[in-house]
Amino acid sequence: MRWVSAVRRFMARLELRFAALDFIVSPGGEWTFLEANPCGQWDWIQAATGLPIAEAIADELTGVAA
């Protein structure tokens with residue numbers, strides 16, 4: 001996906017290890033970046049999917065290898 005490298009550069013430039021990124025996708029499939037929120041809400045995704053998001057963020061922030 002072409003956004004991956006752009007997001008990585010963006011995060012590196014802002015020296016962020018985590019941010020909730022908001023995008024909108026047009027009916028034609030065009031992606032538009034809206035914002036990066038370093039304190040963004042993600043807990044609802046964890047509750048809906050059962051994925052261990054909090055643990056993954058904690059591991060990343062503390063340098064624990066995946």
Side-chain angles (χ1 to χ4, degrees):
M1 178 175 254
R2 67 184 178 101
W3 282 97
V4 173
S5 61
V7 167
R8 287 184 176 148
R9 287 191 314 271
F10 176 80
M11 296 290 287
R13 183 168 183 139
L14 295 178
E15 298 181 0
L16 293 173
R17 301 279 306 232
F18 170 80
L21 304 176
D22 293 336
F23 297 87
I24 55 173
V25 182
S26 74
E30 181 178 331
W31 286 60
T32 301
F33 172 73
L34 298 176
E35 70 173 344
N37 185 342
C39 297
Q41 294 185 7
W42 45 265
D43 190 48
W44 67 273
I45 298 170
Q46 180 170 289
T49 64
L51 294 171
I53 297 171
E55 291 84 354
I57 292 171
D59 287 350
E60 178 65 22
L61 293 174
T62 59
V64 174

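Everything numeric here is computed off the predicted structure, so don't read it as measured data.
- Of all non-hydrogen atoms in A20 and G40, the two that sit nearest each other are CB-CA, 3.6 Å.
- The CD atom of E15 sits 10.5 Å away from atom CZ of R13, with the distance rounded to the nearest 0.5 Å.
- Note on I45 and L61: same hydrophobic cluster, where clusters join Ile, Leu, Val, Met, Phe, Trp and Tyr whose side-chain heavy atoms are under 4.5 Å apart, directly or indirectly.
- Across every non-hydrogen atom of F23 and V7, the tightest pair is CZ-CG2, 4.2 Å.
- For the atom pair CZ of F33 and CG of D22, the computed distance is 8.0 Å after rounding to the nearest 0.5 Å.
- Interatomic distance, CG of L21 versus CZ of F10, reported as 7.0 Å (0.5 Å rounding).
- The hydrophobic clustering, which links ILVMFWY residues whose side-chain heavy atoms are closer than 4.5 Å, places W44 and F18 together.
- Cluster membership for W31 and I24, using ILVMFWY side-chain heavy atoms within less than 4.5 angstrom, is not shared.
- When the shell of 6.0 Å around CD of Q41 is examined, it contains 12 or fewer heavy atoms from other residues, nucleotides or ligands.
- Across Q46 and I53, no two heavy atoms sit closer than the pair OE1-N, 2.8 Å.
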